[in-house]
Number of protein chains: 2
Amino acid sequence: MDHSLSIAEENYLKAIQKLSDAQIHKISTNDIANMMNIAAPSVSDMLKKLAQKKMISYEKYYGVKLTKQGEQIAFSLIRKHRLWEVFLTQKLNFAWDEVHDIAEQLEHIKSDDLINRLEKFLGSPKYDPHGDPIPDAKGQIQVRKQIQLNELKKNEKAVIVGVKDTGAVFLQFLDSIQLSLGTKVQMKNVIEFDQSIIIKLSDNRELMLSHLVSQNIFVSPA
Amino acid sequence: MDHSLSIAEENYLKAIQKLSDAQIHKISTNDIANMMNIAAPSVSDMLKKLAQKKMISYEKYYGVKLTKQGEQIAFSLIRKHRLWEVFLTQKLNFAWDEVHDIAEQLEHIKSDDLINRLEKFLGSPKYDPHGDPIPDAKGQIQVRKQIQLNELKKNEKAVIVGVKDTGAVFLQFLDSIQLSLGTKVQMKNVIEFDQSIIIKLSDNRELMLSHLVSQNIFVSPA
DNA sequence: ATTTTATTTTAGGCAAAACTAAAATAATAT
DNA sequence: ATATTATTTTAGTTTTGCCTAAAATAAAAT
Ligand SMILES: [Mn+2]
Ligand SMILES: [Mn+2]
Ligand SMILES: [Mn+2]
Ligand SMILES: [Mn+2]
């Protein structure tokens, strides 16, 4: 009667949560299978089990949705993941492109006490190293007004507060052009041809970024 | 061909290592089964597998012994366990009786980089919160001259540097009589009747301890 | 309204890590 | 030396979490 979830089960809930964030409608079996690199039948099996455990509501053939309880657990995993990422960067000096895989392991450590003490130790950070908000102990997420860099109006000033793509390749690219969280930018121009943008930095350096790159950077009004 | 071990396999190696520490001879299937609270046939199965992976040398019916490689991994697990215990007490203010179970989980996190950075962050501690030595990155253990409290000669002075029983019950008992690592003691008397001892503390307080208790406390000459 | 295609589920299997019951082997006692 | 007891291994199951192939269902195209 141990109703704590396995690592596999936890990972499904996280994946479903992530998909819910991006989509309005119910999440399909294939969505989950693709996201997790797992065959669809394996997902079907697991959905049956998670439905039994009341973690998801599941209508055969018509997709799934997290229950309140399932969402609670998903948020607690995200909380743990992001707090550990802060620990790794702030305390152990890892770079922001190195922390995700380790946090994927650490997020499954089971101890509420641990994670609450860790949060305090870190000074109750509100955002992780990629600018993603950290849910509080009750699962509440602080939302911040942010837009994509490409949405800035001409001459508008802003600060980089997050990234959409958190993969190492993109993050290292940002490092290489010296963009990081906190960097101040000003929109100079949107190129009509391919939606590339030109931004100006505090040191007056001008930088051209592709549409795709600019879409993957979140900014807040300066 | 992923030659990294499962958590179950790692736990077997740790158990075998612990038993080797206490015994001279080969470790029996039952020894392991008892220590891990697992049925003997399950152990037999696993031993076959670990032998195949060259982690142990295994003579059917005649017990096992860790190979160099198996020992290496066992020490790296002990290293991780003890460093995490230091982190939990020093940085997150856990009590010494609360850290073991969480460290049992954390020791299985896979990242050499992580543990080496953690060690540095903690200031390369040589001992864990229970006074157990922490192996270095190469698996080398610093040995310290220590004896059991009951072995002190009359009037001899010493410092408490470790405990043999690291269970919460014993540790909380020590807390309750205000004995901890670093406490200075002087042997006053060994009671002939039952080998109880009387020790004197820095504040001149005198304390009577049973033979069993005194055997579970390690001290070094002051 | 059918047919075709895509998605999802069911069926059947496999490997890991545990279990119990039974058989094999070693250790001990007579 | 043989019989008894204890230990260990083998045999056969179970659960979890994955897989592929086949069947069922839904969605899309004609
Ligand atoms: Mn991450
Ligand atoms: Mn992140
Ligand atoms: Mn411990
Ligand atoms: Mn310890």
Side-chain angles (χ1 to χ4, degrees), chain A residues 1-16 19-20 23-65 70 73-74 77 104-105 107-108 110, chain B residues 1-16 19-20 23-65 70 73-74 77 104-105 107-108 110:
Chain A
M1 284 299 112
D2 183 3
H3 65 74
S4 100
L5 302 179
S6 70
I7 290 177
E9 290 169 330
E10 289 188 342
N11 283 333
Y12 276 90
L13 293 185
K14 244 195 352 160
I16 296 168
L19 288 164
S20 309
Q23 297 176 206
I24 311 139
H25 299 295
K26 286 242 187 87
I27 309 306
S28 78
T29 300
N30 260 1
D31 289 341
I32 300 167
N34 290 332
M35 161 147 297
M36 299 184 73
N37 284 308
I38 278 175
S42 310
V43 176
S44 270
D45 279 356
M46 183 59 93
L47 294 184
K48 236 178 293 171
K49 195 167 31 141
L50 289 174
Q52 231 162 10
K53 294 193 177 184
K54 303 278 168 66
M55 294 294 151
I56 58 174
S57 57
Y58 174 36
E59 261 186 291
K60 246 163 127 177
Y61 287 103
Y62 292 94
V64 298
K65 197 170 122 31
I73 290 172
L77 289 164
E104 285 289 304
Q105 299 180 63
E107 73 192 7
H108 299 291
K110 265 146 188 120
Chain B
M1 285 297 115
D2 182 5
H3 65 75
S4 99
L5 301 181
S6 70
I7 290 177
E9 290 169 330
E10 289 188 340
N11 283 333
Y12 276 91
L13 293 184
K14 244 195 352 160
I16 296 168
L19 288 164
S20 308
Q23 298 175 206
I24 312 140
H25 299 296
K26 286 243 187 84
I27 309 305
S28 78
T29 300
N30 260 1
D31 288 342
I32 299 167
N34 290 332
M35 161 148 297
M36 298 183 75
N37 282 309
I38 280 176
S42 311
V43 176
S44 269
D45 279 356
M46 183 58 93
L47 294 184
K48 237 178 291 172
K49 195 167 32 143
L50 289 174
Q52 230 161 12
K53 295 195 176 184
K54 303 279 167 68
M55 293 295 151
I56 58 174
S57 57
Y58 174 39
E59 261 185 291
K60 243 161 118 179
Y61 288 103
Y62 293 94
V64 298
K65 196 170 123 33
I73 290 173
L77 289 164
E104 285 288 306
Q105 299 180 62
E107 74 192 6
H108 300 290
K110 263 140 189 128

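All chains are named by letter (A, B, ...) in the order of the sequence lines, taking the proteins before the strands, and each is independently numbered beginning at 1.
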Original post:
Between dA18(C) atom C1' and N37(B) atom CG, what is the distance in whole Å?
Top reply: 13 Å
Original post:
For the pair made of CD in E9(A) and C1' in dC18(D), what is the distance, rounded to whole Å?
Top reply: 14 Å
**OP:** Kindly write out the residues that satisfy side-chain contact (heavy atoms from CB on, under 4.5 Å) with S57(A), not counting sequence neighbours, or none if the list is empty.
**Re:** K65(A)
**OP:** Not counting sequence neighbours, which residues clear side chain to side chain donor-acceptor pair (under 3.5 Å) with S28(B)? List them please.
**Re:** D31(B)
**OP:** Produce a footprint string for nucleotides 5-15 of chain D: one letter per nucleotide, 5' end first; B if the base is under 4.0 Å from any protein heavy atom, S if only the sugar-phosphate is, - if neither.
**Re:** --SSBB-----
Original post:
For I7(B) and dA15(C), what is the distance between atoms CD1 and P respectively, to the nearest whole Å?
Top reply: 21 Å
Original post:
At their closest point, which heavy atom of N30(A) faces which heavy atom of A40(A), and how far apart are they?
Top reply: OD1-CB, 3.8 Å
**OP:** Would you mind classifying the nucleic acid contact of A8(A) as base, sugar-phosphate or nothing, using non-hydrogen atoms under 4.0 angstrom?
**Re:** sugar-phosphate
Subject >> Residues in side-chain contact (heavy atoms from CB on, under 4.5 Å) contact with Q105(B), at least two apart in sequence or another chain >> reply: I109(A), K110(A)
Subject >> Non-neighbouring partners of M35(B) that pass side-chain contact (heavy atoms from CB on, under 4.5 Å), sequence neighbours left out >> reply: A15(B), K18(B), L19(B)
Original post:
Atom CD1 of I32(A) to atom C1' of dC18(D): distance rounded to whole Å?
Top reply: 15 Å
Subject >> For K26(B), all residues meeting salt bridge (charged side-chain N to carboxylate O under 4.0 Å, His left out), sequence neighbours excluded >> reply: E59(B)
